[in-house]
*Asks:* 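To start, I am sharing the structure in question, which I have written as structure tokens.
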Amino acid sequence: MRSIGQMLALVLLAASFCATASAQGTIPLIDSYTVDQRYSKNKPDYPEISWPTLNFEAGQTISFDRLYKEDESRKLHVDVFEPTEDARNGKAVILVHGGAWRSGNKSHMFPLANLLAQRGYTVFTPEYRLSAEAAYPTGMTDLGDLVVWVKSSAEEFGVDPEEVAIAGGSSGGHMAALLAYAAHEPLYKSDPAQNTSLAAVIDMDGVLDFETELALKYEDYGKEKSGVALWVGGSYEQTTDIWVELSPVTHLSERSPPTLVISSGNERFTEGHEEVEAVLARHGIPYEFFSYEGLFHTFWLFDPYLTETADRIDGFLQRVMPAE
């Protein structure tokens, strides 16, 4: 069994690997979204926030850089946070990092992954190809393949393949919802026969509809600056069909999973949540919405909101994926 000091060293080493991935010379890196940048920006206005740290419980295990996908040009990895055997509940959560589809890395989700693991979940924090490396829909297909890998590895990790949830923050929240709602379509699958269905989705400040006036105001402002336009290769006017396709609300149906939306209170980041609620209610699918009032974007990175978010996700999953 590793000591807490050894586990901390491994976490730091894994974060270092994430930060220096571009050293291979083949993976473009846009370093515009970091924990330090968000902390420095928000600390003056929110003095209550604290730097994220990981505190481990005896018996926890973390597997770094597990290979989940390989093609002719790329190997993609995922970190796996496992609970103690006494806490293990047989359920899994995939955590998708944000960064406007062009930056960020999986280490940003380590603190939340650790807290969820301590609540009994096996948590997966994947890397996926960002827009600087590959255009839409490559990153979405990467995540679809991750879901398939998690399900195929369920016995190894002691989870039920039918009880795999997905969550994400900012663009990661958008991608989580999009993958979950489109799971019964051929989109984002390397093979149309793949099963990428998910038991629940948690969207933390991720846009759900890119066609609203507010969403277009903040997301459609030129390919050089707009994260969406850079990802899909054009503005809303130039690539309307793709913007519609990547709006999670487009794919809502009677087979959509239970959904939790957590908002910072800034409406632009959860545009479309009313439509999600209406459609899910019509089909009798559980839906919950929680909003802070005037909190900063990326609230899930720092305590006290980090722990609150873990508790909120845990409570929701217990309600929609109850223990057998």
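For this chain, numbers begin at 1 and follow the sequence in order.
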*Asks:* Is it true that a side-chain atom of Gln118 and a backbone atom of Asn55 form a donor plus acceptor pair closer than 3.5 Å?
*Replies:* yes
*Asks:* Indicate yes or no: does Glu156 engage Arg66 in a salt bridge with an N to O separation below 4.0 Å.
*Replies:* yes
*Asks:* So, Thr84 side chain and Ala87 main chain: donor-acceptor pair closer than 3.5 Å or not?
*Replies:* yes
*Asks:* Would you check if the side chain of Ser170 reaches a backbone N or O of Gly99 as a donor-acceptor pair within less than 3.5 Å?
*Replies:* no
*Asks:* For His77 and Tyr68, I'd like to know if the aromatic rings sit close, meaning centre-to-centre distance below 6.0 Å.
*Replies:* no
*Asks:* Less than 3.5 Å apart, which donor and acceptor atoms pair up between the side chains of residues 270-279 and the rest of the protein, not counting sequence neighbours?
*Replies:*
{"unit_1": "Glu271", "atom_1": "OE2", "unit_2": "Thr212", "atom_2": "OG1", "d": "2.5"}

*Asks:* Hey, is the main chain of Val244 close enough, under 3.5 Å, to the side chain of Thr250 for a donor-acceptor pair?
*Replies:* yes
*Asks:* Nearest 0.5 Å, what's the CG-CD1 distance between Leu143 and Ile94?
*Replies:* 8.0 Å
*Asks:* Kindly state each residue pair satisfying salt bridge (Lys or Arg N to Asp or Glu O under 4.0 Å) with at least one member in residues 226-237, sequence neighbours excluded.
*Replies:* none
*Asks:* With distance as the sole test, does Ser153 use its side chain to make a donor-acceptor pair with the main-chain N or O of Val150 at under 3.5 Å?
*Replies:* no
*Asks:* Determine whether Lys151 and Asn195 make a side-chain contact, defined as any pair of heavy atoms from C-beta on separated by less than 4.5 Å.
*Replies:* yes
*Asks:* Taking atom CD as the centre, does Glu48 end up with more than 12 heavy-atom neighbours from other residues, nucleotides or ligands that are less than 6.0 angstrom away?
*Replies:* yes
*Asks:* Between Tyr236 and Phe210, is the gap from one ring center to the other below 6.0 Å?
*Replies:* no
*Asks:* Determine yes or no for a side-chain-to-main-chain donor-acceptor pair under 3.5 angstrom, with Asp205 supplying the side chain and Ser264 the backbone.
*Replies:* yes
*Asks:* Any donor and acceptor pair, going by atom type alone, linking the side chain of Gln194 with main-chain N or O of Ser190 inside 3.5 Å?
*Replies:* yes
*Asks:* Hey, does the side chain of Ser171 reach the backbone of Ala100 with a donor-acceptor pair shorter than 3.5 angstrom?
*Replies:* yes
*Asks:* Looking at Glu288 and Arg312, is any side-chain nitrogen of the basic one under 4.0 Å from a carboxylate oxygen of the acidic one?
*Replies:* no
*Asks:* Are Arg268 and Glu219 close enough for a salt bridge, meaning some N to O gap below 4.0 Å?
*Replies:* yes
*Asks:* Which label fits His97 and Tyr128: parallel for a plane angle under 30°, tilted from 30 to 60°, or perpendicular past 60°?
*Replies:* parallel
*Asks:* Check the pair Tyr121, Glu82 against side chain to side chain donor-acceptor pair (under 3.5 Å), reporting the backbone distance first and the verdict last.
*Replies:* CA-CA 7 Å; Tyr121 302 91; Glu82 294 192 65; over 6 Å; no
*Asks:* Looking only at heavy atoms, which two atoms of Asp145 and Lys69 are closest? And how far apart?
*Replies:* OD2-NZ, 2.8 Å
*Asks:* Would you mind checking if Asp79 and Lys106 are paired as a salt bridge, meaning a charged N to carboxylate O distance below 4.0 Å?
*Replies:* yes
*Asks:* Is Glu185 atom CD crowded by more than 12 heavy atoms from other residues, nucleotides or ligands, each under 6.0 Å away?
*Replies:* yes
*Asks:* Please answer whether the main-chain N or O of Glu70 pairs with a side-chain N or O of Arg74 as donor and acceptor at a distance below 3.5 Å.
*Replies:* no
*Asks:* Could you tell me whether a side-chain N or O of Asn42 sits under 3.5 Å from a main-chain N or O of Arg38, the two making a donor and an acceptor?
*Replies:* yes
*Asks:* Can you tell if the side chain of Arg129 reaches within under 4.5 Å of the side chain of Ser73, non-hydrogen atoms only?
*Replies:* yes
